[in-house]
Protein chains: 4
Amino acid sequence: MVSARGTQATSQAEQGGDVASAGKEPRTARGRRTLRAILDAAAAEFGEKGFHEGSISGITRRAGVALGSFYTYFDSKDAVFRALVRDMSDQVRDHVAPALKGAPDQIAAEQAALAAFIGFARTHKEIYRIIDEAEFVDPESFRLHYATTADRIARRLQAAAARGEVRSDVGEVHAWAIMGMNVFLGLRYSVWAEDAAPEAIAETVATLLAKGLAPEG
Amino acid sequence: MVSARGTQATSQAEQGGDVASAGKEPRTARGRRTLRAILDAAAAEFGEKGFHEGSISGITRRAGVALGSFYTYFDSKDAVFRALVRDMSDQVRDHVAPALKGAPDQIAAEQAALAAFIGFARTHKEIYRIIDEAEFVDPESFRLHYATTADRIARRLQAAAARGEVRSDVGEVHAWAIMGMNVFLGLRYSVWAEDAAPEAIAETVATLLAKGLAPEG
Amino acid sequence: MVSARGTQATSQAEQGGDVASAGKEPRTARGRRTLRAILDAAAAEFGEKGFHEGSISGITRRAGVALGSFYTYFDSKDAVFRALVRDMSDQVRDHVAPALKGAPDQIAAEQAALAAFIGFARTHKEIYRIIDEAEFVDPESFRLHYATTADRIARRLQAAAARGEVRSDVGEVHAWAIMGMNVFLGLRYSVWAEDAAPEAIAETVATLLAKGLAPEG
Amino acid sequence: MVSARGTQATSQAEQGGDVASAGKEPRTARGRRTLRAILDAAAAEFGEKGFHEGSISGITRRAGVALGSFYTYFDSKDAVFRALVRDMSDQVRDHVAPALKGAPDQIAAEQAALAAFIGFARTHKEIYRIIDEAEFVDPESFRLHYATTADRIARRLQAAAARGEVRSDVGEVHAWAIMGMNVFLGLRYSVWAEDAAPEAIAETVATLLAKGLAPEG
DNA sequence: AATGAATGAGCGTTCATTCAT
DNA sequence: GATGAATGAACGCTCATTCAT
């Protein structure tokens, strides 16, 4: 079900981890171009057809390279998929991250993040098919994605609690609840139909959270 | 991501719709038993291996019938899966429904429903694999499941609003938010690990909702 | 390099081991026919093209069955090959065995066996390709074939020594020497060219052995 | 099955034919070194994995050169293999040749040759895999190797017959018999297990031959 | 000469579905 | 209705060979 909220901290992945971390490192510029083309084609192929219906030949056809070239960069169909899941996971995080900064308080930050996420999902509908299917194809990545995302949200909430912005007992349950809300709202209002403004949705949720998580007393 | 909340209304499926509605109508008692055996076997097979890794022969082996007998009851692999998704969808609903009754107010009802859902998911972990995979295998059923579930929640909220229990503007966004929370909390605390009491989780969420959805003024 | 000499003793394989022992047991007569057709076709395919150049589709085409039927009886290309090696090994043994009986003495028995072997190889030239290639494809069967064959020869020689027909120190080295001679003579005078009568060759060898292995003193 | 006996005559290959005769003539010293590296790597690769399981990239990796460089020296995978078979054939011959000289008589010469061959095979176990597989990969070389070897043995025997050392009718059959013995004894006592001294084995065979081929009358 | 990325034909294997018994 | 053998399309993957740099 994709993730939702971004991060404020620069992760390791952001530093060393670029596209190349996915496949076998190309040594030439031409190789780098080919790898990128294959990854993009894989996102399109799997996003459109899903993992099992998608095919390697479909990927290479889209990428405009020979079938065999695929195996220059990836060991298997599973391997591209894994690379892709992590790539998309990083993309969501990186796209949402800016929204989290510069908000006056944490509720506003979460509101901005949700709006950003819904906006992102509208131009990258394939993330749902890809990250969701990871549950079956690459459970490791699936878990990693959601565990990491929930953890980021929990940390943000706890920092906000320390600042007195939200109730002091916020924790993992709240984080998962927020993540679940975001993911499903993204599914409903980005993938299924774009029949409401992201900002309006985010505002509704923000109101819910503002009161629901208001500091005690 | 499975559903969450049940329904108060008796559905058609409960009345006329039995297991047989899924496959071809068996005419004999023996046939009915075989059909049930195949459906149960399919739940086990797909729950364990997923749709694509699961096989018809795996199903018939579990069911203790000949491979060919499968086609006496279902037209295709997709057909069992479809039947299964609807079956599971009904099971969740029916299991959660009782919890919704007899609660003093709607927030308490939602709390009881979440606790019941988490409990159900702990003994039926396969619902996640099956309903989630429907996104790829049988989008129709997937949509139907979530659209129906969200709709049920929305109606409950609106009825509660009419009674003055929650704010008057509750609607689809709130319903999807609640469904998303429930689904993800079920994933986290039923499928991933059972490291918290369903009641405790439900209580935390109820507190969030009680304040978050409190009537205006 | 194929084997050479037969056996006097009835082996376990002769009792329980029929063709079926090779693949998955067919339960119907039709299935039995199909399995036999596949094994024969495999012998032809591999005998003509070798293991690596031979293909499953080549086998099923020769057998007149669908490609998929192959996998009803064998798990893999390696599996048929293994079955085939053991089948051929048994065939050689069974073909040569009768010649060993009714000879006045052991030297005469070996002579008859060699003649029978060369004769057999002339109508089953594929045994060379198949058993030889087992060295690479299925070393286990390869070893088993030659170890068993050498052992049979050694036992015969020792029995003959006990009867005073040959020198008393005959053993493994003599057995391997005889097996090697037979195999290479079969290669030369059956597979490469049939330019000498099996009996003439066998007689030459018998003379060599008669004197070479004559009892001491 | 490899060869066995060496030769007394210096072959053409020994004169003009160096390593280069195998691949395309390198013009520089550096090229000569690269060619030698590739040939050695090929012997290791094919000896270890066999022709079909062995790969060009495995060879170039072992040789420490780029994949493409292979084709600077050989036209194809078959071509290296062919070069290798002839190289190994020559090596066996050259290694055994000295043993044939200085023996008091032909039986002693054959005995020394067999001992030398077994010793050689113990340090070059790959010759079996390589020469045997030539039966499938390069039948031409395979035939050439054994035909030449048998011919050398036959000539030696006939020369010995002329000297009255062995019976007068020795010929091709005897040559193939001896070659077969030697090859199989090498397989058994060099490749399979080194559980007997080469000299002991050679002595047993020499006794067999001494009597078996003793001059008439 | 050397490098290593690119190519694509080819084959083993799976399995949903059909059909003869 | 039940059985299980038969079918064949489809796809992942390998690797010898070519080619641009």
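Heavy-atom basis, side chains included; hydrogens, waters and symmetry copies ignored. All chains are named by letter (A, B, ...) in the order of the sequence lines, taking the proteins before the strands, and each is independently numbered beginning at 1.
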**Student:** Could you check whether A/Ser55 gets within reach of a base, just the sugar-phosphate, or nothing at all, counting any heavy atom under 4.0 Å?
**Tutor:**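 The answer is sugar-phosphate, as A/Ser55 gets under 4.0 Å only of primed atoms, P, OP1 or OP2.
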**Student:** From CZ of B/Arg33 over to P of F/dA2, roughly how many Å is that when rounded to an integer?
**Tutor:**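 Those two atoms, CZ and P, are 10 Å apart.
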**Student:** From the options E/dT3, F/dA6, E/dA5, select the nucleotide whose nearest atom is closest to the side chain of A/Tyr73.
**Tutor:** E/dA5
**Student:** I need the A/Phe74 CZ to A/Ile56 CD1 distance, nearest 0.5 Å.
**Tutor:** 10.0 Å
**Student:** Round to a whole Å and report the spacing from CD1 of A/Ile56 to C1' of E/dG8.
**Tutor:** 15 Å
**Student:** Got more than 12 heavy atoms from elsewhere within 6.0 Å of CD, D/Glu140?
**Tutor:** no
**Student:** Stem ranges for DNA chain F, with three or more consecutive Watson-Crick or G-U pairs under 3.5 Å?
**Tutor:**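 When the pairs of DNA chain F are grouped into runs of at least three, the stems are E:2-21 with F:2-21.
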**Student:** Could you check D/Gly31 against A/Ala66 and say which one's nearest nucleotide on DNA chain E is further toward the 5' end?
**Tutor:** D/Gly31
**Student:** Under 4.0 Å: is that the gap between some side-chain N or O of A/Ser57 and OP1 or OP2 of F/dG12?
**Tutor:**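 Looking at the OP1 and OP2 atoms of F/dG12, neither is under 4.0 Å from any side-chain N or O of A/Ser57.
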**Student:** Of the listed nucleotides (F/dA16, E/dT13, E/dA16), which one gets closest to any side-chain atom of D/Tyr71?
**Tutor:** F/dA16
**Student:** When the distance from CZ of B/Phe51 to P of E/dC15 is rounded to whole Å, what number comes out?
**Tutor:**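 From B/Phe51 CZ to E/dC15 P: 12 Å.
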**Student:** Roughly how many Å is it from CG in C/Asp78 to C1' in E/dC11, rounded to a whole number?
**Tutor:** 14 Å
**Student:** Search all heavy atoms of D/Arg62 against all heavy atoms of D/Lys49 and return the closest pair with its distance.
**Tutor:**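 The pair with the smallest heavy-atom distance is NH2-CE, 4.4 Å.
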**Student:** Take atom NE2 of B/His52 and atom C1' of F/dA10, then tell me their distance rounded to the nearest Å.
**Tutor:**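 B/His52 atom NE2 is separated from F/dA10 atom C1' by 13 Å.
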**Student:** Out of E/dT17, F/dA16, E/dA6, which nucleotide sits closest to the side chain of A/Arg30?
**Tutor:**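 Nearest nucleotide to the side chain: E/dA6.
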**Student:** Taking atom C1' of E/dA2 as reference, at what distance in whole Å does atom CD1 of D/Ile38 sit?
**Tutor:**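 My rounded result for the distance is 11 Å.
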**Student:** Is C/Asp40 salt-bridged to C/Arg36, cutoff N-O under 4.0 Å?
**Tutor:** yes
**Student:** Please report the interatomic distance OG(B/Ser57) to CZ(B/Phe70), rounded to the nearest 0.5 Å.
**Tutor:** 11.0 Å
**Student:** Among side-chain atoms of C/Arg86 and C/Ser141, is any donor-acceptor pair under 3.5 angstrom?
**Tutor:** yes
**Student:** I need the CG-P distance between B/Leu35 and F/dG1, as an integer number of Å.
**Tutor:**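 In whole Å, F/dG1 P and B/Leu35 CG are 13 Å from each other.
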**Student:** Please compare B/Gly64 and A/Glu53 by the position of their nearest nucleotide in DNA chain F and report the one closer to 5'.
**Tutor:**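 Closest to the 5' end, via its nearest nucleotide, is B/Gly64.
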**Student:** DNA chain E: A/Ser69 or C/Phe70, which has the more 5' nearest nucleotide?
**Tutor:** A/Ser69
**Student:** So, does A/Thr34 get its side chain near the phosphate of E/dA6, meaning an N or O under 4.0 Å from OP1 or OP2?
**Tutor:** yes
**Student:** Give one of base, sugar-phosphate or nothing for B/Leu67, where a contact means two heavy atoms less than 4.0 Å apart.
**Tutor:** base
**Student:** Using a heavy-atom cut-off of 4.0 Å across all strands, would you classify B/Gly58 as base, sugar-phosphate, or nothing?
**Tutor:**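 Contact class for B/Gly58: none.
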**Student:** What integer distance in Å separates C/Ile59:CD1 from E/dT13:P?
**Tutor:**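 About 11 Å, once rounded to whole Å.
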**Student:** Looking at the side chain of C/Lys77, which of E/dT13, E/dT3, F/dT7 is the nearest nucleotide?
**Tutor:**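 So the nucleotide nearest the side chain must be E/dT13.
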**Student:** Which nucleotide sits closest to the side chain of A/Thr28: E/dG8, E/dT13, E/dA5?
**Tutor:**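 For A/Thr28, the side-chain atoms sit closest to E/dA5.
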**Student:** Could you check whether A/Arg32 pairs with A/Glu25 (Lys NZ or Arg NE/NH1/NH2 to Asp/Glu carboxylate O, under 4.0 Å)?
**Tutor:** no
**Student:** OP1 or OP2 of E/dA1 sitting under 4.0 Å from any side-chain N/O of D/Thr72?
**Tutor:**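 No.
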**Student:** Mind running side-chain contact (heavy atoms from CB on, under 4.5 Å) on D/Thr34 and D/Val65 for me, showing each step along the way?
**Tutor:** CA-CA 8 Å; D/Thr34 302; D/Val65 302; 4.0 Å; yes
